[in-house]
Each structure stands twice: as structure tokens, then as C-alpha cells.
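So the structure is just underneath, and the comments pick up after that.
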Amino acid sequence: MSAPVRIQEADFSQDEEIAALKAGSKRMGGIATFLGCARDFSEGRDVHEISFEAYGSMALAEMNKLRNEAIEKFSLLDARIVHRVTTVRAGDNIVFIAAAAEHRAAAFDGCRWMIDELKQRVPIWKKEITPQGESWVTPHP
Amino acid sequence: MSAPVRIQEADFSQDEEIAALKAGSKRMGGIATFLGCARDFSEGRDVHEISFEAYGSMALAEMNKLRNEAIEKFSLLDARIVHRVTTVRAGDNIVFIAAAAEHRAAAFDGCRWMIDELKQRVPIWKKEITPQGESWVTPHP
Amino acid sequence: MIKVLFFGPIADRVESREMQLEFTPGMTLHDVVSHLGMQYPGAFGLVSFIAVNQTQVHDKQTLLHDGDEIAFMAKFSGG
Amino acid sequence: MIKVLFFGPIADRVESREMQLEFTPGMTLHDVVSHLGMQYPGAFGLVSFIAVNQTQVHDKQTLLHDGDEIAFMAKFSGG
């Protein structure tokens with residue numbers, strides 16, 4: 001079975017991720033997931049491709065810490081985080097986060113917390129390739 | 001392609017639902033989903049099976065209304081609601097809800113609103129089959 | 001005729017999922033509720049929602065029409 | 001030796017992803033920052049986070065050790 005936290009070039013299957021998540025417990029009542037995708041349009045410009053770069057060893061360590069913290073903080077039964085680092089086109093998958101809990105409130109809260117924290121804490125950068133050229137994305141404060 | 005709102009006996013595939021959701025737009029930046037599953041334990045008792053019953057025509061109409069309201073209320077790009085009506089065992093899928101938006105906040109808010117409303121408004125009932133016998137589930141106020 | 005539907009715990013107590021009532025002009029939802037409520041008091045104690053033709057109705061004075069479908073429903077527990 | 005890593009927009013401005021600096025005993029993070037910051041002021045204006053051995057460090061007086069890995073990072077934009 002694949003690791004619950006991964007950085008990879010390849011796309012992922014939600015069915016496989018959910019099956020792996022569910023394998024650990026039959027006490028899960030709710031699984032909340034977040035799937036981040038590449039948009040064809042950002043800040044008023046067409047976007048052809050998005051290219052990702054990561055500080056791999058640190059990013060993976062942070063993502064593992066983040067998962068452990070979420071499990072503890074929201075009493076999750078399990079959680080998974082997968083981030084692609086490659087060049088994607090509009091509509092392609094970028095990041096997948098899943099949080100499983102006995103009840104839905106904790107699953108939603110845990111899932112949302114993980115994607116919010118990931119954006120703050122995990123050393124990954126994206127560059128948008130537009131008809132006007134390439135530019136690194138500067139996150140809003 | 002399958003309808004975005006369905007009541008069915010059969011299990012569903014998240015990959016298929018997400019693919020159908022994404023087919024409509026390349027402007028989706030975030031897709032939040034909720035998967036409700038059967039737990040093996042509820043209110044202090046083991047649960048062997050859960051059996052669902054629906055007022056089918058009204059349930060489907062309410063679920064469609066709910067989807068339309070969510071799309072409007074949260075400016076979603078698309079949404080899907082699938083509920084199984086059959087007898088399931090611990091770990092099995094019961095309900096799937098997906099909300100796609102340009103940004104993640106609307107996707108999360110819309111998804112959570114739909115499952116909360118579904119539980120309030122859609123005429124479906126569940127019966128838990130435990131070693132001590134069967135009983136209809138009475139929702140908490 | 002008026003078609004009456006019962007679901008879940010209510011169907012269990014009525015020991016029936018469906019019945020037909022004779023339609024009479026001027027008949028209201030209240031007439032049906034009081035008629036069936038007397039026959040099945042245990043079941044009607046569980047009724048939280050009533051729908052006429054798949055739409056929730058709160059006003060018991062609602063006039064019925066021949067062919068209407070009335071559903072008596074306990075609190076929902078899907079999802 | 002100290003291994004220095006640059007990523008994303010910072011790597012673009014430094015025009016390099018990695019360099020090695022001679023280690024000298026007593027060397028602090030501040031020494032590295034001021035040395036490289038003078039050489040690549042445009043790049044260092046983008047630095048929001050610094051990590052030593054994959055852990056964020058806020059104190060520039062942090063003593064370095066031979067073999068340490070320092071990363072200069074712009075604001076993250078993953079997810």
C-alpha cells in the first residue's frame with residue numbers, strides 16, 4: 001500500500017487513496033477530501049501550464065508533521081496528503097488531502113486545516129506559464 | 001455520463017464522479033468532497049448492517065433542489081450528490097457529495113452545507129441491524 | 001382516491017407501506033390525519049413531516065384533490 | 001563545507017540551485033546571509049524563510065556545523 005504522505009510526479013487515484021484510508025478502520029463515519037486542480041485562468045490571465053518545484057526532503061517532512069498534527073488536533077482516524085511536483089495543464093490534479101473521522105465535523109475541520117497549513121508551511125513553489133511568459137506565483141498575505 | 005444527482009443501490013466510484021464533475025469546466029481550483037460511510041459501532045453498540053429506505057421521488061427532487069441552491073449560494077462551478085439506498089455493511093459507502101469552485105473556501109462551505117442540509121431535508125431513513133436486533137435511527141435534535 | 005404512503009419506522013407501526021382512501025370533495029389534510037391518527041396512534045406519534053405530492057405541507061387545512069399522494073414521515077436519518 | 005540551496009524564484013535570480021561554501025569554525029547563519037546577500041541582493045529580497053537541515057530557523061545567530069544544509073526560500077505557493 002502507498003504511503004499516506006507523498007510527493008510525486010504521477011497523478012493519483014482518489015478511489016485508491018480512499019481505499020487505503022479506509023483499510024485501517026471500520027469506525028469511519030465521514031471522510032472529507034480536498035482536491036486542488038490547475039485552473040485555466042488566474043488573476044485575469046490565461047494559464048497554459050503550471051510548473052511546481054519543491055524542497056523535497058523538507059516538504060515531505062513538513063507534510064508528515066502536518067498529518068500527525070491534524071490527526072492529534074481533530075481526533076482523526078487517519079489522513080492522507082499527496083502533492084504532485086511536475087508540470088500540469090488546466091484541469092489536472094495538483095494536491096489531494098483526505099481526513100477520516102467518526103463524525104463529519106472533525107473530518108471537514110481536519111481536511112480544511114491541512115490544506116490551509118500546507119499552503120503556509122510546505123516548501124513548494126508554483127510558476128504559471130501564460131501566453132505572456134512565465135511567472136512565479138506570489139501568495140496573497 | 002451519469003446524472004449529477006442520483007439515488008442508487010450500487011456503490012459509486014469517486015474517480016468517476018470527479019471526472020464527471022471536472023468535465024464541465026477547467027476553471028475549478030478546488031473540489032471538496034464528503035464521503036459518508038457505515039460505521040461498525042454507533043451509540044455504544046456494534047452495528048452489523050445498515051439498511052436504508054427512501055421516499056424516492058421526493059428524495060431525488062429535494063436533492064436536486066439542494067444542489068441547485070448550493071451552486072447558487074456558494075457560486076459553485078458544479079456539484080454532485082449520490083446516495084445509496086440498500087443494505088450496507090461496516091466500511092461501505094453511503095453518500096457522496098462533491099462541490100467544485102474556483103477557490104477552496106467556497107468548495108468546502110458548499111460541500112458541508114449540502115451534507116448538513118441533506119440530513120435535514122431529504123426523506124431517507126436508516127435502520128441499524130445490531131446483535132440485539134434492528135432499530136430505526138432517531139437523529140439528534 | 002387518495003394514496004397514503006408510510007416510510008421507515010412509521011410503516012413498521014402501521015404494518016403497511018401504502019393505502020388508498022376514498023376521496024370526498026372538500027376533504028382536507030386534517031381529515032386524513034385525524035382519521036388515520038385515531039386508527040394508528042403509535043405510528044402518528046412519530047410523524048414529523050407530511051408531504052402532499054412530494055412537497056412538504058405544514059397547513060393541515062390544505063384542501064386535497066382526487067389522486068393526491070400523501071406521505072407521513074418520521075425525522076429523516078439519511079446521509 | 002556548507003551546502004546552500006535555492007528554490008523557485010530565488011534560484012532564478014541567483015541563476016543557481018545549489019552552491020558550496022567553505023566552513024569555518026564559529027560561522028553563523030548571519031555570516032552566510034550577509035555574504036550571499038551582498039552578492040545577490042535581488043534574490044535575497046525574496047527570502048521569506050530560511051531552513052538549516054530542513055528545519056526553519058529564525059535566529060540568524062544560529063551556529064553552523066560542517067556539512068549543514070541551508071535553504072533560502074521565497075513564500076510558499078504550493079497546494
Side-chain angles (χ1 to χ4, degrees), chain A residues 11-19 21-43 46-48 50 77 88-105 107-116 118-119 126 137 140, chain B residues 11-19 21-43 46-48 50 77-78 88-105 107-116 118-119 126 140:
Chain A
D11 198 5
F12 43 77
S13 151
Q14 264 148 124
D15 284 335
E16 285 171 22
E17 297 301 323
I18 295 295
L21 191 75
K22 282 171 137 191
S25 168
K26 289 198 187 294
R27 195 137 304 175
M28 295 170 182
I31 297 173
T33 78
F34 176 76
L35 177 65
C37 308
R39 291 188 299 142
D40 63 359
F41 194 79
S42 168
E43 320 249 318
D46 288 325
V47 176
H48 287 179
I50 303 179
L77 292 165
V88 300
R89 298 177 150 273
D92 285 353
N93 294 332
I94 294 170
V95 61
F96 176 78
I97 294 192
E102 287 201 48
H103 299 287
R104 71 187 185 282
F108 274 117
D109 290 344
C111 183
R112 194 163 185 164
W113 184 83
M114 282 189 279
I115 181 65
D116 287 349
L118 182 145
K119 286 176 177 265
K126 64 159 82 74
V137 173
H140 299 283
Chain B
D11 198 4
F12 42 78
S13 152
Q14 264 147 124
D15 284 335
E16 285 171 23
E17 296 301 325
I18 295 294
L21 191 75
K22 281 172 139 189
S25 168
K26 290 200 188 293
R27 197 137 301 178
M28 295 171 181
I31 298 173
T33 79
F34 177 76
L35 176 67
C37 308
R39 292 188 299 143
D40 63 358
F41 193 79
S42 168
E43 320 251 317
D46 289 324
V47 175
H48 286 181
I50 303 179
L77 292 165
D78 201 358
V88 300
R89 297 177 152 273
D92 286 354
N93 294 333
I94 294 168
V95 62
F96 176 78
I97 293 190
E102 288 202 46
H103 299 287
R104 70 187 186 284
F108 274 117
D109 290 345
C111 184
R112 194 162 186 165
W113 184 83
M114 281 189 278
I115 180 65
D116 288 350
L118 181 145
K119 286 178 178 264
K126 65 160 80 73
H140 299 286

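Protein chains get the first letters and strands the later ones, always in sequence-line order, with residue 1 at the start of each.
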Item checked: Set of residues satisfying side chain to side chain donor-acceptor pair (under 3.5 Å) with respect to B:Gln14, sequence neighbours excluded ->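 None.
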Notebook entry, point to check: Quick one: what part of B:Asp109 sits under 4.5 Å from any heavy atom of chain A, side chain, backbone, both or neither?
Noted result: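 Contact with chain A involves both backbone and side-chain atoms of B:Asp109.
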Notebook entry, point to check: Of the listed residues (B:Glu16, B:Glu17, B:Arg39), which shares the most heavy-atom pairs with chain A below a 4.5 Å separation?
Noted result: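 Top option by heavy-atom pairs under 4.5 Å: B:Arg39.
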Notebook entry, point to check: What option among B:Gly36, B:Ala100, B:Ala105 has the most heavy-atom pairs under 4.5 Å with chain A?
Noted result: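 The residue among B:Gly36, B:Ala100, B:Ala105 with the greatest pair count is B:Ala105.
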Note to self: Below 4.5 Å, heavy-atom pairs only: which of A:Cys111, A:Ala107, A:Ser42 has the largest tally toward chain B?
What the structure shows: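 With the most close heavy-atom pairs to chain B, the winner is A:Cys111.
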Next item on the list: With a 4.5 Å cut-off on heavy-atom pairs, point out which of A:Asp116, A:Leu35, A:Asp15, A:Ile115 contacts chain B the most.
Entry: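 Highest number of pairs under 4.5 Å: A:Asp15.
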Margin query: Is there a side-chain contact (heavy atoms from CB on, under 4.5 Å) between B:Lys119 and A:Arg104? Walk through the geometry before answering.
Written below: CA-CA 12 Å; B:Lys119 286 178 178 264; A:Arg104 71 187 185 282; 3.3 Å; yes
Note to self: I need the A:Ile18 CD1 to B:Cys37 SG distance, nearest 0.5 Å.
What the structure shows: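 One gets 8.0 Å once the value is rounded to the nearest 0.5 Å.
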Checklist line | Atom group of A:Ala99 that falls short of 4.5 Å from chain B, counting heavy atoms | finding: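 Neither the backbone nor the side chain of A:Ala99 comes within 4.5 Å of chain B.
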Next item on the list: Looking only at non-hydrogen atoms, find the nearest pair between A:Phe34 and B:Gly29 and report the distance.
Entry: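 Shortest heavy-atom separation between A:Phe34 and B:Gly29 comes out as CZ-O, 4.3 Å.
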Checklist line | Residues in residues 91-98 of chain B near chain A [non-hydrogen atoms, under 4.5 Å] | finding: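 Listed by number: B:Gly91, B:Asp92, B:Asn93.
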